[in-house]
Novice: 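Sharing a structure, written as structure tokens. Questions coming.
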Amino acid sequence: MRSSLVRSRRFGSVIEAVGNTPLVRLDRVAREAPSVEVYAKLEFCNPGGSVKDRAALRMMTKAIEEGKLGTGKILIDSTSGNTGVAYSIFGAALGVPVRLVMPSNVTKARKDIARAFGTEIIFSDPMEGSDGAIRYVREIVAKDPDVYFYPDQYSNPNNPLAHYHGTGVEILDALGDRITHFVAGIGTSGTIVGTSRRLKEHTRPIRCVAVEPTEAMHGLEGLKHLPSSLVPAIHDGSAYDETRRVTTEDGWDMADRLAREESLLVGHSSGANVFAAVEIAKELHQTVGGGCVVAIVCDRGDRYFAPMKWEKRYLW
């Protein structure tokens with residue numbers, strides 16, 4: 001077996017385990033497009049369990065290199081959960097105190113994971129979502145600018161650069177000229193912008209597709225409905241080719257299918273990404289009879305247990 005030929009990697013720290021996540025072929029959920037390869041980039045294999053590990057680590061290490069962090073300042077940022085978990089795990093590894101602003105309705109699992117690493121959480125109005133958390137953290141930093149280092153994941157160029165130098169390179173290394181389409185959701189927009197910029201430099205044309213919720217009020221945690229949201233400063237619509245809208249139900253249903261049919265327990269933004277990827281694959285199968293689509297699987301589904309089940313049944 002292949003596993004007997006691959007040597008296990010050794011690391012000096014957990015931060016060295018970020019990146020080089022696997023690509024897994026999705027045969028069952030994409031069975032209506034048999035001529036098209038559909039792959040999931042499993043970002044939950046990062047040590048913090050999500051795609052946000054990449055950006056958080058680069059923002060922190062670059063700040064340390066520049067003398068902005070590691071001098072006793074507290075790292076503070078707004079987050080809907082996954083970036084907060086990443087800040088927390090790397091804060092513990094690097095000896096950096098972390099304070100986070102989160103909407104109070106963020107899933108309990110994410111709150112508990114962040115706190116386990118010694119992180120302090122400040123809650124913002126749940127009805128204002130991620131935009132409310134952004135406004136609140138800016139107020140806090142403005143009052144005590146000397147106390148905090150504010151990486152501002154929505155404006156920090158190291159967010160997309162983490163994917164330009166990491167995610168995009170890894171996808172090309174694994175698939176090379178076979179890849180025809182790339183799919184990622186819009187949250188901070190770092191993943192879609194940074195990865196797309198790198199893929200667009202490849203010799204073969206690759207169509208890059210952003211995913212966002214259909215409605216302003218949605219249940220796809222971590223994704224932004226741009227027309228009704230504060231647009232992140234790092235967002236660059238010219239980096240990708242098109243935007244596909246996905247409903248809450250389609251994202252949730254695909255997440256359920258991935259668990260049952262592909263043994264992948266993933267979050268609902270991941271379900272939305274894969275739903276869009278499968279729709280693209282079906283179009284390619286019908287029109288050109290081939291292709292290769294890669295979708296970002298952002299995190300694991302165990303961070304969405306309990307309260308979100310009730311929301312799906314009664315709110316959507």
Side-chain angles (χ1 to χ4, degrees), residues 1-3 5-9 16-55 57 82 160 162-185 190-211 240 244 254-255 257-267 269-282 284-285 290-301:
M1 293 179 63
R2 178 177 168 78
S3 60
L5 303 176
V6 179
R7 300 191 65 165
S8 181
R9 296 180 292 167
E16 297 174 28
V18 175
N20 292 311
T21 55
L23 283 159
V24 172
R25 178 87 180 259
L26 303 178
D27 286 322
R28 295 187 177 101
V29 298
R31 58 180 167 267
E32 293 180 61
S35 67
V36 180
E37 298 173 76
V38 179
Y39 288 94
K41 179 79 165 151
L42 302 187
E43 289 299 295
F44 61 69
C45 292
N46 284 306
S50 85
V51 67
K52 298 296 187 179
D53 283 18
R54 296 177 184 267
L57 180 60
N82 280 333
H163 300 284
Y164 177 87
H165 292 293
T167 315
V169 174
E170 293 169 23
I171 291 170
L172 291 175
D173 181 62
L175 294 171
D177 288 341
R178 295 217 306 281
I179 180 174
T180 60
H181 291 71
F182 170 70
V183 181
T191 305
I192 183 65
V193 169
T195 307
S196 296
R197 284 175 177 162
R198 179 63 187 88
L199 296 179
K200 290 296 184 182
E201 294 177 357
H202 190 56
T203 54
R204 173 174 179 162
I206 299 169
R207 189 164 183 82
C208 298
V209 180
V211 172
Y240 52 90
R244 296 227 174 184
M254 181 56 77
R257 286 188 63 194
L258 286 166
R260 293 193 307 266
E261 299 176 39
E262 303 284 1
S263 296
L264 295 173
L265 183 63
V266 304
S269 59
S270 300
N273 291 345
V274 173
F275 175 84
V278 170
E279 291 299 297
I280 291 168
K282 289 191 287 189
L284 290 171
H285 177 66
C292 179
V293 186
V294 175
I296 293 291
V297 168
C298 314
D299 62 5
R300 298 188 304 267

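Counting begins at 1 with the first residue of the sequence.
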Novice: Report the distance from atom CZ of R207 to atom NZ of K200, rounding to the nearest 0.5 Å.
Specialist: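 Interatomic distance, R207 CZ to K200 NZ, rounded to 0.5 Å: 7.0 Å.
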Novice: Side chains of I296 and F182: does their closest heavy-atom pair fall under 4.5 Å?
Specialist: yes
Novice: Can you find a pair of side-chain heavy atoms, one from C298 and one from S270, that are under 4.5 Å apart?
Specialist: yes
Novice: Under 4.0 Å between a Lys/Arg side-chain N and an Asp/Glu carboxylate O for R178 and E37?
Specialist: yes
Novice: Looking only at non-hydrogen atoms, find the nearest pair between V209 and R244 and report the distance.
Specialist: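 That would be CG1-CG, 3.4 Å.
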Novice: Indicate whether any N or O donor in one side chain lies under 3.5 Å from an N or O acceptor in the other, for T195 and R54.
Specialist: no
Novice: To the closest 0.5 Å, what do you measure between CG (L175) and NZ (K41)?
Specialist: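 Spacing of CG (L175) from NZ (K41) equals 9.0 Å.
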Novice: Applying side chain to side chain contact (heavy atoms under 4.5 Å, CB included), run through V183 and I280 and close with a yes or a no.
Specialist: CA-CA 9 Å; V183 181; I280 291 168; 3.8 Å; yes
Novice: Compare all side-chain heavy atoms of F44 with those of L264 and state whether any distance is below 4.5 angstrom.
Specialist: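 Result yes, sub-4.5 Å side-chain heavy-atom pair found.
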Novice: With the side chain counted from C-beta on, respond yes when N273 and V297 share a heavy-atom pair under 4.5 Å apart, and no when they do not.
Specialist: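 Counting from C-beta outward, N273 and V297 never come under 4.5 Å.
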Novice: Go through D177 and H202 one step at a time and tell me if the side chain to side chain contact (heavy atoms under 4.5 Å, CB included) criterion holds.
Specialist: CA-CA 8 Å; D177 288 341; H202 190 56; 2.8 Å; yes
Novice: With side chains defined as the heavy atoms from C-beta onward, is the minimum distance between T180 and R204 less than 4.5 Å?
Specialist: yes
Novice: Drop me the distance from E261's CD to D27's CG, to the nearest 0.5 angstrom.
Specialist: 11.5 Å
Novice: Do E201 and Y164 pass the side chain to side chain contact (heavy atoms under 4.5 Å, CB included) test, and can you show the C-alpha distance, the side-chain angles, and the key distance before you say yes or no?
Specialist: CA-CA 10 Å; E201 294 177 357; Y164 177 87; 2.8 Å; yes
Novice: Work out which heavy atom in T191 is nearest to a heavy atom in A184; give both atom names and the distance.
Specialist: CG2-CB, 4.1 Å
Novice: Measure from the side-chain N and O atoms of E262 to the backbone N and O of R28, and report whether any donor-acceptor pair falls under 3.5 Å.
Specialist: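 Pair found, side chain donor or acceptor close to backbone of R28.
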Novice: Show the nearest heavy-atom pair for residues V51 and H163, with the distance to one decimal.
Specialist: CG2-CE1, 3.7 Å
Novice: For the atom pair CZ (R198) and OG1 (T167), what is the distance rounded to the nearest 0.5 Å?
Specialist: 12.0 Å
Novice: Apply side chain to side chain contact (heavy atoms under 4.5 Å, CB included) to M254 and V266, showing your working.
Specialist: CA-CA 9 Å; M254 181 56 77; V266 304; over 6 Å; no
Novice: Taking 4.0 angstrom as the limit, do R9 and E16 come out as a salt bridge?
Specialist: no
Novice: Where do C292 and V36 come nearest, in terms of heavy atoms and distance?
Specialist: N-CG1, 4.1 Å
Novice: Ignoring hydrogens, what is the shortest heavy-atom contact between P160 and V193? Give both atom names and the distance.
Specialist: CB-CG1, 4.3 Å
Novice: Where do S50 and D299 come nearest, in terms of heavy atoms and distance?
Specialist: CB-CB, 3.8 Å
Novice: Does R25, at its CZ atom, have more than 12 non-hydrogen atoms belonging to other residues, nucleotides or ligands within less than 6.0 Å?
Specialist: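 Yes, because the 6.0 Å sphere around CZ of R25 holds more than 12 heavy atoms from other groups.
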